[in-house]
Amino acid sequence: MANLSEQKRFEPSQAEPRIMEAWLESGLFHAPASGTAAQNYSIAIPPPNVTGALHMGHALNGSIQDVLIRYHRMRGTNTEWILGTDHAGIATQTQVEKRLVEEGSSREGLGRDAFVERVWEWRREYGGTIIEQFARLGASCDYGRERFTLDEGYERAVRQVFCDLYAEGAIYRDNYMVNWDPGSRSAISDLEVEEREVTDTLYSIAYPLADGDGEVVVATVRPETMLADTAVAVNPSDERFSGLVGRRVIVPLTGREVEVIADDYVKTDFGTGALKITPGHDPNDFEIGRRHGLEELTAIGEDGRMTELAGEFAGLTVAEAQGEVVEALRAQGLLRAEEPYPHTVPFSHRSGERIEPLISLQWFMRMDELAPPAIDAVRDGRVRIHPESQARRYTDWLENIRPWCISRQLWWGHRLPVWYRGEETWVGMGEPEGEGWVQEEDVLDTWFSSALWPFATLGWPDQTPEMKAFYPTDVLSTARDILFLWVARMVMMGLRFTGDVPFSDVYVHPVIQAPDGRRMSKSLGTGIDPIDEIDAHGADAVRFGLLAMASTQDVRYSRERVEQGEALATKLFNASRFVLLNVKSGAPAELPPAESMSVEDRWICSRLQRVVQETGERIEAFEFSRAAFGLYDFVYGELCDWYLEMVKGREFDRELSATLLHVLRTTLAMAHPFIPFVTEELWDSTPGTEGLLAGAAWPQVDDARLDPEAEERIEAVIGAVTELRSWRSSAKVAPSKVLGAKIDSPRLDSDRGMVLRLARLDEDGFEGEVTAAIPVPGGTIEITAGDAVDLEAQEREMTERRRRLEGEIARAEGKLANEGFTSKAPPELVGAEREKLERLRDELAAL
RNA sequence: GGGCGCGUAGCUCAGCGGGAGAGCGCUCGCUUCACACGCGAGAGGUCGCAGGUUCGAACCCUGCCGCGCCCACCA
């Protein structure tokens, strides 16, 4: 460590890499796979995308998890933070494809095997980046046990789960309506779809009756899909159409005759009351079609272009086809109305393209048997969600869960363990015996493998020592947006395959928004790179800042909070310097017995006990913001502003040295989970420490050191000094000027020396006319200031004081005169109010 | 359309039934022998609006206004 007497602040850039290395070498981050999960503490990190870069959410979540991990490790628990990355199917494939296009190549040009090999290369080159970025934060993950959702063991777990679920019929293949993403050319799940507000045109189109006896007018925003219409539907109770049900109409442009059917889904008060039914291209129509056994036609292909069914429109894009269809209808005089129509439309979360609902042959997973146990686990408290309000979102979603489309038409991911040969289908851990088997081309939705994360990372399906030691994990800390995508699915899979919940607590952390309140996003240009912030302010500062921001709600990124953290690190550094440069060498490692300690020593120890206790409780209650501020307040307020100042008048003997060192060591240990680097650095220079702080014990709370008497006395001293300083400042007394004083307060009697020194007063100099009498706890202090005081300012100050006191007295009197208050409020409160009134009157009299 | 949350000092946020708080910013003062990335002292708020409950409301209830997020199959 650099020379303490010269360095005036902690230098993160030179200290952090060195300290991180020491931590890594120590092996402290690696927990032996011994003991049981009940004894041990473990967290599985939400695996970041392997191609990703650290964003603010990661930084916040990393800070939160590291506080928990470091705290429990210091508590002496065998603690493991399971690390790894996610192969992130679509995101990664897109990124590599983009690179290929830049090179003038393409996925198709390369072919599947070469492409996948190319992605692995990419992963080898860039996959370590985000892990290194986590390390910059000081995250104490087990870097030696890093897992990847596509590594060999993991793949085995995925296959096992797939095969088991297939065997029991929960996984099946079906022609079904899916969200087709023309951007990634793949089906995606409901959760990957986002609704956006769009203004389309609502067209009213006349469908002539087949017998020539009139027409039915339907309303649609997608006229091009009429080419695949197979019915027109009306509400059975709609009298306007009562005679029509069962009759046939002609779908214009196609000449196809379809039936008018009755279905409750159709609203009578919307549009024209008649609905064209396109089972092939609309999710609702699909449901209606299945209910009525309608034919499912396809006019739009997976390439987003019209199929042969579209006749003259075949080959056009959907948008082009819409225009042409409308023109053709207009030409035939069948277009009855067009009006602008704002509504919400599904878009792909990944590619940003408009979803094309299509019927397609996909693999699905039934959720109706997996969901109820996962609901129960939260209801009966085996999984606790914090904050509690999120639990309802979780259960609501699970209660309305629908089949999950798990196949993706991608190349990067877990290829389904399914083989076909003619009409035969084989599902198993490996390729079947015999010739001619062809493996399914599709891969699994990335979230399918992520759902196994807490146990697949520990060697499941084998009963490994790691499984025994760390499963179930303790806490899962994550952002709100993946409560369904990931958390709920982990609970379901965990219960189904291990028989146990994957974690006992879910902490849903806030979202950090951009300073202007918008979403932090790269595309909006609103992102702030945590690594830049670490470079500028240090990892401790960023951690503290993020934790301080992380109250229960969403919050705008506040650079000030980070700077507050930076200031805390500097403050702690300088306070430590003060202690370390002044203590006597060879001071005892033990705290002196309370009987031989001065009142301020007993006070700071007492306060320290309380803050240690509180900090631990707040960490365990996931109240990180309160914990961080509590720590800050203690260090700045009680420790530096008061205790160290009080101590300055004293000789640094062995006892004081021992006390100072004890207080320093305890403070460093307590602060370590929040600001690990600076505390580790200082720990190294502090006598009486051994080894790394990261491996040291969390401070023992010792009730015997609680000292209400000392707390009351020092409270009085602080109160008096504050009053005196305030008076000095408003009376414009030069800060360095020592004034004469006479203390008249029994409460301050034993501690008069401290009061005098901190307020720059001197009892021997008390002579001449009394300039002011300052009310202090327990009495007054008279001051003789001679001409050192600005009399006018002093008089103004006194008048102002009197005015304020009179106001407060009036208020207290009013309150006590209110019979409702004296008779109904708790007696101790009324008593306190009476005492207060008396005290205020005394103070006024003293003035 | 439903659900959740938020509107408190110039800014970002705590507080959630008994005398309005923090950080930053602002003003005044201070080279006080750890720290000027510091220290001390201040200014600044009808706690979104309107009702209600209560002896007492920023805090509980109702309504309204504004903002955000999530869920949802009216073409």
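A, B, ... follow the sequence lines: proteins, then strands. Residue 1 opens every chain. Keep in mind that what you see is a predicted model, and the values were worked out from it rather than measured.
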When only distance counts, do a donor and an acceptor, one from the side chain of [X] and one from the base of [N], lie under 3.5 Å apart?
X      : N      : result
A:R9   : B:rC37 : yes
A:K571 : B:rC35 : yes
A:K836 : B:rG19 : yes

Using atom [atom1] in both nucleotides, what's the gap between [N] and [M] to the nearest angstrom?
N      : M      : atom1 : value
B:rC47 : B:rA58 : C1'   : 4 Å
B:rC28 : B:rC65 : C1'   : 41 Å
B:rC60 : B:rA72 : P     : 30 Å
B:rC26 : B:rG44 : C1'   : 9 Å
B:rG23 : B:rG66 : C1'   : 27 Å
B:rG48 : B:rU8  : P     : 6 Å
B:rC16 : B:rG21 : P     : 14 Å
B:rG10 : B:rG45 : P     : 7 Å

Sugar-phosphate only, base, or nothing, as touched by [X] at under 4.0 Å among non-hydrogen atoms:
X      : answer
A:E563 : nothing
A:R725 : sugar-phosphate
A:E808 : base
A:Y557 : nothing
A:R618 : nothing
A:K267 : base
A:P826 : base
A:R577 : sugar-phosphate
A:V266 : base
A:F629 : nothing
A:P283 : nothing
A:L758 : nothing

Write down the distance between [atom1] ([X]) and [atom2] ([N]), rounded to a whole number of angstrom.
X      : N      : atom1 : atom2 : answer
A:D238 : B:rC74 : CG    : C1'   : 14 Å
A:R402 : B:rC73 : CZ    : P     : 5 Å
A:L398 : B:rG3  : CG    : P     : 20 Å
A:Y394 : B:rC70 : OH    : C1'   : 17 Å

Which stems, defined as runs of 3 or more consecutive Watson-Crick or G-U wobble pairs with both pairing distances under 3.5 Å, involve RNA chain B?
B:1-7 with B:65-71, B:10-13 with B:21-24, B:26-30 with B:38-42, B:48-52 with B:60-64

Between A:Q513 and A:Q390, whichever has its closest RNA chain B nucleotide further toward 5' is A:Q390

OP1 or OP2 of B:rA14 sitting under 4.0 Å from any side-chain N/O of A:S551?
yes

Applying ring pair (Phe, Tyr, Trp, His ring centres under 6.0 Å), name anything that partners A:Y557, two or more places apart in sequence or on another chain.
none

Could A:R9 and A:F573 be counted as a cation-pi pair, given that NZ or CZ must be under 6.0 Å from the ring centre and within 45° of the axis?
no

